[in-house]
Q: 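Next up is a structure, given as structure tokens.
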Amino acid sequence: IAFSPDGKILASGNRHCIIRVFEIDTGRDLLRLTGHDSPQKALLTREILGDVRIQFIRRSDRFVSHAVSGKHHVLKLWDTEAGESLLTIKGTRGAVDGSPVIAFATDSRGAKLLAGTKEFGLYDVETGKQLRTFAGHDAKVGGRVIGKYPITRLALSESHTHAASWVQADTMKVWDA
């Protein structure tokens, strides 16, 4: 559940993977969004659904929802005015890929979103377009790269010039964004 930055709308997600957007002053139901997997599909495939979590982007009419849908963690970037998803990012459940991680920053030029699992991208919140891809952190054994560590934390500077990523192997990287 989350309030919009201007406090005029409230968005909530439930275990049935339905997101509802309400107008605070009137209580009017503005949107009913169903972009995450449905409970009917989960029943047929015996997959577990989790609650939908919501986070608004500061100074924006966009929000990100995060849900466990079957075997995947799914992030969606939503436009509250159009009532549509601009971007979908999936990560695999469990220790292999992990849950997608997000970070936001907003300045006078607009809002940017960092999101990903082992690799991550920089996205324009207004368009949903990916602006850059970051390689992530190499996992090494005996000096050989055997894959990528799942990203556990992301940060984006308010000026959108630097990104930082951290993995559970106690490694942090700072990137030029």
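Just so you know, these numbers come straight off a predicted model, no measurement behind them.
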Q: Examine distances only and state if a side-chain atom of K8 and a backbone atom of D25 form a donor-acceptor pair shorter than 3.5 Å.
A: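 No; judged by distance alone, with no hydrogens or angles, the pair does not exist.
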Q: Within the structure provided, determine whether V21 and L10 are in side-chain contact (heavy-atom separation under 4.5 Å).
A: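 Not in contact.
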Q: With rounding to the nearest 0.5 angstrom, report the OG1 to NZ distance, T161 to K112.
A: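 Rounded to the nearest 0.5 Å, the OG1-NZ separation comes out at 12.0 Å.
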Q: I want to check something: taking the side chain as every heavy atom from C-beta on, are L122 and L156 in contact at a cut-off of under 4.5 Å?
A: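 A side-chain contact exists here, since the closest heavy-atom pair is under 4.5 Å.
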Q: Got a sec, which pairs hit ring-ring contact (aromatic ring centres under 6.0 Å, His included) with one end in residues 141-163, sequence neighbours left out?
A: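 Of all non-adjacent pairs touching residues 141-163, none passes ring-ring contact (aromatic ring centres under 6.0 Å, His included).
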Q: Report the C-alpha separation of L87 and L113 in whole Å, then their side-chain angles, then the decisive distance to 0.1 Å, and conclude whether the side chain to side chain contact (heavy atoms under 4.5 Å, CB included) test is met.
A: CA-CA 11 Å; L87 173 70; L113 163 69; 4.1 Å; yes
Q: Using the ring pair (Phe, Tyr, Trp, His ring centres under 6.0 Å) rule, pick out the option among W78, F3, F63 that qualifies with F56.
A: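 That would be F63.
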Q: List for me each residue that meets salt bridge (charged side-chain N to carboxylate O under 4.0 Å, His left out) alongside R20, sequence neighbours excluded, and say none if there are none.
A: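 In terms of salt bridge (charged side-chain N to carboxylate O under 4.0 Å, His left out), with neighbours along the sequence ignored, R20 is linked to D29.
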Q: Determine, stepwise, if the pair V167 / I151 fulfils side chain to side chain contact (heavy atoms under 4.5 Å, CB included).
A: CA-CA 5 Å; V167 297; I151 302 291; 4.1 Å; yes
Q: Looking at Q130, I'd like to know if its CD atom is crowded, meaning that more than 12 non-hydrogen atoms belonging to other residues, nucleotides or ligands lie closer than 6.0 Å.
A: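 For Q130, atom CD is crowded (more than 12 foreign heavy atoms under 6.0 Å).
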Q: How long is the straight-line distance from CG of L131 back to CG of D124, given to the nearest 0.5 Å?
A: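 Rounded to the nearest 0.5 Å, the CG-CG separation comes out at 5.5 Å.
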Q: Distance check, rounded to the nearest 0.5 Å: K140 atom NZ versus K148 atom NZ?
A: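 If we round to the nearest 0.5 Å, K140:NZ and K148:NZ are 9.5 Å apart.
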Q: How many angstroms lie between atom CD1 of I54 and atom CD1 of I1, to the nearest 0.5 angstrom?
A: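 These two atoms lie 9.5 Å from each other.
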Q: Kindly state each residue pair satisfying ring-ring contact (aromatic ring centres under 6.0 Å, His included) with at least one member in residues 128-147, sequence neighbours excluded.
A: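 Passing the test, one end in residues 128-147: F120-F134, F134-W175.
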Q: Between T152 and W166 (side chain of the first, backbone of the second, donor and acceptor by atom type, cut-off under 3.5 Å), is there such a pair?
A: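 Yes; at least one donor-acceptor contact below 3.5 Å.
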Q: In this structure, are over 12 heavy atoms from other groups packed under 6.0 Å from R132 atom CZ?
A: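 Yes, enclosed.
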Q: To the nearest 0.5 Å, what is the distance between CG (L30) and CD1 (I9)?
A: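 The distance works out to 6.5 Å.
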Q: Write down the atom of S157, the atom of A105, and the distance for their closest heavy-atom approach.
A: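 Answer, listing the atom of S157 first, then A105: O-CB, 3.3 Å.
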Q: If you round to the nearest 0.5 Å, how far is CG of L33 from CD of E84?
A: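 With rounding to 0.5 Å, CD (E84) is 10.0 Å from CG (L33).
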Q: Show the nearest heavy-atom pair for residues A163 and L114, with the distance to one decimal.
A: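 Heavy atoms of A163 and L114 come nearest at CB-CD1, 3.7 Å.
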Q: Any idea which heavy atoms bring L86 and V125 closest together, and the distance?
A: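 Looks like CD1-O, 3.7 Å.
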Q: Are any of the side-chain heavy atoms of I19 and R32 separated by less than 4.5 Å?
A: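 No, side chains not in contact.
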